[in-house]
Amino acid sequence: VMFDDNVERINISNIEALDITGSNKAKVFSMNVFKQSNLVEIEDLIEEKLPNYIENVLVYNVGQGNCNAITNYCCIPQIFYDFGGGAYQNTRTYPKKLEFDFSEEPLVILSHWDWDHMVSILKSEHAEIKKSYWIVPKQQIGITHLKVAVELYNSGKLKVWPDNLYELSSRDKIHIQKLNGGDKNNSGLVLTVYLNRNIGQAVLLPGDANYNLIKEHDYPYYGLVATHHGASSHDCLLNMPKPFRDFNKIAFSFGENNSYNHPKRASLYEHASNGWSNTFYTLNGHIHFGFYSYPPHHRHFISRMGYIQ
């Protein structure tokens with residue numbers, strides 16, 4: 001395992017599985033074996049990739065999953081928030097032709113360790129993302145997640161969020177909150193992005209987290225990616241984020257005919273009744289929050305990306 005500039009090998013073939021069900025059906029593994037990062041290192045990684053003014057957040061159509069990105073004006077990702085897509089029984093929802101631009105060597109911030117939020121790392125056509133740094137929450141993970149974590153860690157690219165860091169603000173550009181709920185959905189990282197360094201143009205990226213666990217915002221939000229692909233169970237919709245009534249946009253990231261029947265009618269209704277009236281679905285194409293354009297030499301890539309709403 002690589003520690004900073006020194007190389008130290010650790011035999012992790014003897015990691016003990018934790019039985020969380022009282023039976024042998026479900027086993028998870030602790031991430032305590034991985035060295036945690038620190039505030040300075042995480043701040044430096046984020047600041048290196050953040051533009052002076054964030055003009056656009058992109059929600060990719062990845063099927064039944066989640067992949068968001070802070071991009072520059074040309075829609076080139078600087079920071080990914082999740083790198084997922086349709087997985088397991090919803091693999092069929094993953095788009096057959098999905099392209100990412102890795103030319104800026106984007107950073108990845110992972111909300112939590114579920115495959116629908118990170119499965120694109122397994123795609124050979126997107127293998128370049130393994131060269132990026134990954135900021136990840138420390139959670140109990142499965143054996144397949146562990147294999148990915150070990151590969152990233154041994155290449156020096158895995159940065160585990162430290163236990164003693166509860167939130168981080170990068171001036172007036174982004175805010176990251178570490179949740180401390182009782183499951184993976186609610187013990188990960190939540191991201192708020194401030195377009196144009198304006199607190200009144202905030203976009204909330206909650207991953208699969210319950211809204212009531214997210215720190216309340218002083219101002220209404222301009223943008224929101226609906227939590228958990230439009231789920232409505234486990235009280236995830238309590239204390240819903242407040243939108244600007246006349247100027248807002250909400251994205252639902254899900255795959256067509258997915259096995260969970262997302263988005264749920266209750267989620268659509270509750271968001272709409274709470275003022276989130278300008279609704280977009282990723283199955284109709286990628287969704288942008290903010291502003292973007294592209295120079296002529298970049299037009300071919302935009303056309304390959306597909307329609308942007």
Side-chain angles (χ1 to χ4, degrees), residues 26-29 31 34 58-70 77 79-102 106-155 157-160 183-191 205-209 225-231 251-263 281-283 285-287 305-306:
K27 292 185 181 296
V28 294
F29 297 83
M31 290 184 66
F34 300 113
L58 198 60
V59 182
Y60 287 87
N61 172 21
V62 292
Q64 182 62 23
N66 190 62
C67 179
N68 316 143
I70 295 172
I79 298 177
F80 280 108
Y81 176 72
D82 287 345
F83 197 64
Y88 294 123
Q89 68 270 34
N90 290 303
T91 299
R92 56 185 168 73
T93 70
Y94 195 95
K96 289 182 171 58
K97 294 183 179 180
L98 177 61
E99 293 197 35
F100 296 104
D101 190 326
F102 300 118
L107 174 70
V108 181
I109 299 173
L110 183 65
S111 65
H112 64 291
W113 290 85
D114 273 344
W115 278 122
D116 59 331
H117 290 252
M118 58 180 293
V119 74
S120 291
I121 195 175
L122 300 180
K123 308 288 185 180
S124 59
E125 62 269 31
H126 307 319
E128 195 170 344
I129 198 65
K130 295 179 181 180
K131 299 177 183 178
S132 295
Y133 287 101
W134 284 62
I135 296 175
V136 303
K138 190 183 82 172
Q139 296 181 314
Q140 293 178 347
I141 58 178
I143 184 62
T144 51
H145 301 97
L146 182 64
K147 291 178 180 178
V148 171
V150 168
E151 182 178 358
L152 290 172
Y153 195 73
N154 282 339
S155 64
K157 297 301 184 180
L158 189 76
K159 303 300 176 182
V160 180
D183 57 25
K184 280 199 290 188
N185 290 350
N186 294 304
S187 60
L189 303 175
V190 170
L191 180 61
L205 311 177
D208 287 353
V225 177
T227 190
H228 207 165
H229 322 286
F252 285 82
S253 182
F254 63 96
E256 188 173 11
N257 297 322
N258 64 84
S259 64
Y260 304 107
N261 293 317
H262 290 159
Y281 306 124
T282 53
L283 56 79
H286 310 312
I287 301 167
M305 279 183 65

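Since this is a predicted model, take the numbers as computed values, not measurements. Positions are given from 1, in the same order as the sequence printed here.
- Under 3.5 Å, the side chains of Asn258 and His229 contain no donor-acceptor pair of N or O atoms.
- For the residue pair Ser187/Gln139, the side-chain donor-acceptor check at 3.5 Å is satisfied.
- No side-chain heavy atom of Ile70 sits under 4.5 Å from any side-chain heavy atom of Pro77.
- Shown here are the ring-ring contact (aromatic ring centres under 6.0 Å, His included) partners of Tyr94, two or more places apart in sequence or in another chain: there are none.
- Residues Ile143 and Val28 have side chains not in contact (no heavy-atom distance under 4.5 Å, counting atoms from C-beta outward).
- Taking all atoms of both residues into account, the shortest heavy-atom contact from Ala231 to His262 is CB-NE2, 3.6 Å.
- Of the options Arg92, Gln64, Gln89, a side-chain hydrogen bond (donor to acceptor under 3.5 Å, both in side chains) to Ser259 is made by Gln89 and by none of the others.
- Counting only residues at least two apart or on different chains, the ring-ring contact (aromatic ring centres under 6.0 Å, His included) pairs with a member in residues 124-150 are Phe100-His126, Trp115-His145.
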Practice item. Take Phe34 and Leu146 through the test side chain to side chain contact (heavy atoms under 4.5 Å, CB included) and record every step on the way to the result. Key: CA-CA 11 Å; Phe34 300 113; Leu146 182 64; 3.9 Å; yes
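- Separation of atoms CG (Leu191) and CZ (Phe80) is listed at 13.5 Å; rounding is to 0.5 Å.
- Remark: Glu151 pairs with Lys130 by the side-chain contact (heavy atoms from CB on, under 4.5 Å) rule, at least two apart or across chains.
- You'll find the side chain of Asn66 stays beyond 4.5 Å of the side chain of Asp116, heavy atoms only.
- Residues Asn257 and Thr93 have side chains not in contact (no heavy-atom distance under 4.5 Å, counting atoms from C-beta outward).
- Residues Pro95 and Val62 share a closest heavy-atom pair of CD-C, 3.4 Å.
- In this structure, CG in Leu205 is found 5.0 Å from CG in Asn68, a value given to the nearest 0.5 Å.
- Of the possible polar contacts, none joining the Tyr281 side chain to the Ser253 backbone as a donor-acceptor pair under 3.5 Å is found.
- In terms of the side-chain contact (heavy atoms from CB on, under 4.5 Å) criterion, residue partners of Pro263 (sequence neighbours excluded) are, by chain and number, Phe252, Phe254, Leu268.
- When the salt bridge (Lys or Arg N to Asp or Glu O under 4.0 Å) test is applied to Asp114, the partners found at least two apart in sequence or on another chain are Lys184.
- Taking both residues in full, the closest heavy atoms of Pro106 and Ser132 are given as O-OG, 2.6 Å, listed atom of the first, atom of the second, then distance.
- Counting only heavy atoms from C-beta outward, the side chains of Leu189 and Ile135 approach each other to under 4.5 Å.
- With a 6.0 Å radius and a threshold of 12 heavy atoms from other residues, nucleotides or ligands, Phe102 has its CZ atom above the threshold.
- Side chain of Lys138 to main chain of Met31: no donor-acceptor pair is present (N/O by atom type, distance under 3.5 Å, no hydrogens or angles).
- Looking at Thr282, its side chain never comes within 3.5 Å of a backbone N or O of Tyr60 through a donor-acceptor pair.
- The two residues Ser111 and Pro137 make their nearest non-hydrogen contact at O-CG, 3.5 Å.
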Review point. Please walk me through it: do Lys159 and Val136 pass side chain to side chain contact (heavy atoms under 4.5 Å, CB included)?
Key: CA-CA 6 Å; Lys159 303 300 176 182; Val136 303; over 6 Å; no
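- Here Asp82 contributes atom CG and Ser120 contributes atom OG; the two are 10.0 Å apart, rounded to the nearest 0.5 Å.
- Applying the 6.0 Å contact sphere to NZ of Lys131 captures no more than 12 heavy atoms from other residues, nucleotides or ligands.
- Interatomic distance, NE2 of His286 versus CG of Asn61, reported as 6.5 Å (0.5 Å rounding).
- Residues Ile79 and Ile109 are in side-chain contact: their nearest non-hydrogen atoms beyond the backbone lie under 4.5 Å apart.
- Legend: residues meeting ring-ring contact (aromatic ring centres under 6.0 Å, His included) with His112, ordered by chain and number and at least two apart, are His117.
- For the pair Val119 and Phe83, the minimum side-chain heavy-atom distance is 4.5 Å or more.
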